[in-house]
Amino acid sequence: MDLTEFTYDNILPHVGSTFRINFPQGTVDLELTRVDHLREKHTSHRLFRDSFAMQFLGPVNSYLPQGTYAMHHEALGKELPIFIVPIGREEAGFQYEAIFT
């Protein structure tokens with residue numbers, strides 16, 4: 001799947017699954033914890049999909065700064081460049097968000 005094909009409807013079934021980031025030093029797994037609509041209906045005809053947010057939970061011992069990471073998801077196929085922003089920390093790990101418009 002290509003990022004242009006990401007929609008709320010085709011990402012929602014993957015909640016609970018793992019997105020893996022490979023680094024030379026090892027891997028970091030992010031769990032997709034939720035997918036939320038940001039706006040159901042567009043006012044612009046230029047947008048081809050509804051806006052949505054993907055939220056991830058990463059390990060407590062691996063903080064990822066804001067940036068674009070090549071993420072691999074087994075069911076979605078190839079590595080996908082996804083821009084994530086850290087949005088918080090909980091006991092289980094760091095929380096991240098990716099916004100798609």
Minimum heavy-atom distance between [X] and [Y], given as atom pair plus value:
X: Tyr69; Y: Ile21; result: CB-CD1, 3.8 Å
X: Gly58; Y: Leu30; result: CA-CD2, 3.4 Å
X: Ile84; Y: Tyr96; result: CD1-CD2, 3.9 Å
X: Val60; Y: Glu91; result: CG2-O, 4.1 Å
X: Pro86; Y: Pro65; result: CD-C, 4.3 Å
X: Leu32; Y: Gln55; result: CD1-O, 3.4 Å

As an exercise, state the distance from [atom1] of [X] to [atom2] of [Y], rounded to the nearest 0.5 Å.
X: Glu74; Y: Arg20; atom1: CD; atom2: CZ; answer: 9.0 Å
X: Asp29; Y: Ser62; atom1: CG; atom2: OG; answer: 9.5 Å
X: Arg34; Y: Leu12; atom1: CZ; atom2: CG; answer: 11.0 Å

Would a single hydrophobic cluster contain both [Y] and [X], if residues Ile, Leu, Val, Met, Phe, Trp and Tyr are joined by side-chain heavy-atom contacts under 4.5 Å?
X: Ile87; Y: Phe100; value: no
X: Leu76; Y: Phe83; value: no
X: Tyr63; Y: Val28; value: yes
X: Ile99; Y: Leu57; value: no
X: Leu64; Y: Val85; value: no

Under 3.5 Å, is there a donor-acceptor pair between the Gln95 and Glu90 side chains?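 Side-chain D/A pair, Gln95 to Glu90: present.
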Can you classify the ring geometry of His37 versus Tyr8 as parallel (below 30°), tilted (30 to 60°) or perpendicular (above 60°)?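 Parallel: the ring planes of His37 and Tyr8 meet at under 30°.
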Parallel, tilted or perpendicular: ring planes of Phe56 versus Phe19, cut at 30 and 60 degrees: perpendicular
Take Phe6 and Met54, measure what side chain to side chain contact (heavy atoms under 4.5 Å, CB included) needs, and give me the verdict at the end. CA-CA 11 Å; Phe6 268 38; Met54 297 170 66; 3.9 Å; yes
Between Ser17 (side chain) and His14 (backbone), is there a donor-acceptor pair under 3.5 Å? yes
